[in-house]
Amino acid sequence: MRVATSASADEPLRLVTLPSRVLGADEVRVRVRAIGVNPVDWKMRTGGPLRMAHHFVGPRGPLVVGVDFAGEVTEVGSGVQELTAGARVVGGTNFARKQLGSYADEVVVRPDQCAVLPDAVGFEAAACLPVAAVTPSVVLHDLGPLPENPRVLVLGASGGVGLFALQLVRNLGGQAVGVCSGRNVGIVERFAGIAVDYTKGDALVAARAHGPFDRIVHAVGSATYPLAGCKELLAERGVCGLVVVRPGDYATIAFSRRFRAVLGRPDGARLRPLVAALGRGELEPVIEARFPLAEAEAAHALSRAGKVVGKILLIPDAT
Ligand SMILES: NC(=O)c1ccc[n+]([C@@H]2O[C@H](COP(=O)([O-])OP(=O)(O)OC[C@H]3O[C@@H](n4cnc5c(N)ncnc54)[C@H](OP(=O)(O)O)[C@@H]3O)[C@@H](O)[C@H]2O)c1
């Protein structure tokens with residue numbers, strides 16, 4: 001199998017051939033056709049809490065980052081009943097299960113990490129979903145009940161997480177208000193959001209005209225949009241889901257029920273309703289760029305620049 005890896009964070013990712021892992025009885029092998037790039041992939045290379053966790057509980061050997069994958073099952077373990085060879089799936093790798101990341105032409109995962117794709121859903125569209133769509137669905141569904149027709153503020157509305165957040169709110173019958181820069185007002189409005197242009201002044205002040213909010217999807221970070229300002233925008237029972245958590249946020253999270261740290265860990269159960277929505281045309285992934293897996297480093301440079309609209313994909317078979 002080929003993986004994209006590097007000996008250290010300072011060296012560019014390059015393709016390396018590794019022996020394929022022997023399949024466990026409860027595992028499946030997936031031929032990867034498309035990989036979604038997430039900021040966590042390049043953050044993992046340099047350090048942080050997830051890298052620390054990977055060090056202690058992750059697989060040995062070269063660091064292979066990446067979570068999102070879509071592809072075909074090529075082999076199933078002797079104890080697997082949920083999937084058969086040939087199934088088209090989307091899923092997320094899990095280093096806590098000693099699995100390598102998804103920047104590879106094959107992954108070995110367990111069936112509960114996968115959702116089956118209907119014929120109408122392509123690999124590229126599916127590979128956009130795992131981290132970027134599961135994360136806002138956690139914010140919307142796991143942080144307490146929402147009223148009918150909720151009002152939701154999305155900070156970072158044009159990114160991978162943000163564009164799915166806007167669409168999920170619309171699908172719930174709610175009204176999303178998305179904070180973005182002037183160049184992205186059009187796309188935020190297209191996904192049924194009211195756009196607030198952060199280049200025109202204090203976005204939290206401007207958002208007040210559209211609140212109060214039952215939920216905030218905070219996908220930018222409290223250095224840019226302070227938690228005190230967010231709190232003022234919340235409805236009486238409103239909750240702010242912190243998709244980006246900074247060390248200074250933990251005291252607020254510990255003492256206020258209004259702020260919750262969110263981890264968008266994709267698995268089959270989380271992905272199935274999102275795949276179904278994709279199949280019905282109720283979710284539309286926006287793909288800014290595709291790179292061959294061999295050019296993963298260029299994909300990381302683009303993601304690091306922080307201006308991506310929607311998703312970047314890596315394609316193992318592209319040259
Ligand atoms: N906790 C979790 O499980 C989890 C899951 C997914 C993501 N995350 C984190 O959440 C963050 C967002 O992820 P992502 O995948 O959406 O990233 P992304 O796609 O790289 O986000 C890029 C977008 O952010 C927008 N942006 C930058 N500064 C902004 C600002 N001040 N206000 C509003 N929008 C701004 C940019 O638009 P402009 O160019 O117009 O500014 C761009 O469209 C990342 O830090 C990521 O690591 C965490």
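Order of appearance sets the numbers: ligands from 1, and atoms from 1 within every ligand.
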*asked:* Through direct or indirect side-chain contacts below 4.5 angstrom among Ile, Leu, Val, Met, Phe, Trp and Tyr, which residues connect to Y225?
replied: L153, L155, V177, V179, I194, V196, Y198, L204, F213, I216, V220, L233, L234

*asked:* Aromatic contact between F291 and H300, with the criterion being ring centroids under 6.0 Å apart: yes or no?
replied: no

*Please list, by chain and number, the protein residues whose heavy atoms come under 4.0 Å of ligand 1.*
P39, K43, V131, T135, G156, S158, G159, G160, V161, V179, S181, R183, N184, Y198, A219, V220, T224, Y225, V243, V244, V262, L263, G264, G306, K307, V308, G310

*Taking atom CZ of R237 as the centre, does the number of heavy atoms from other residues, nucleotides or ligands within less than 6.0 Å exceed 12?*
no

*Within 45° of the ring axis of F123 and under 6.0 Å from its six-membered ring centre, is that where the NZ or CZ of R88 lies?*
yes

*asked:* Just by distance, no angles: are the side chains of S222 and D249 close enough, under 3.5 Å, to form a donor-acceptor pair?
replied: yes

_What I want to check is whether the side chains of Q99 and E27 have a donor and an acceptor closer together than 3.5 Å._
no

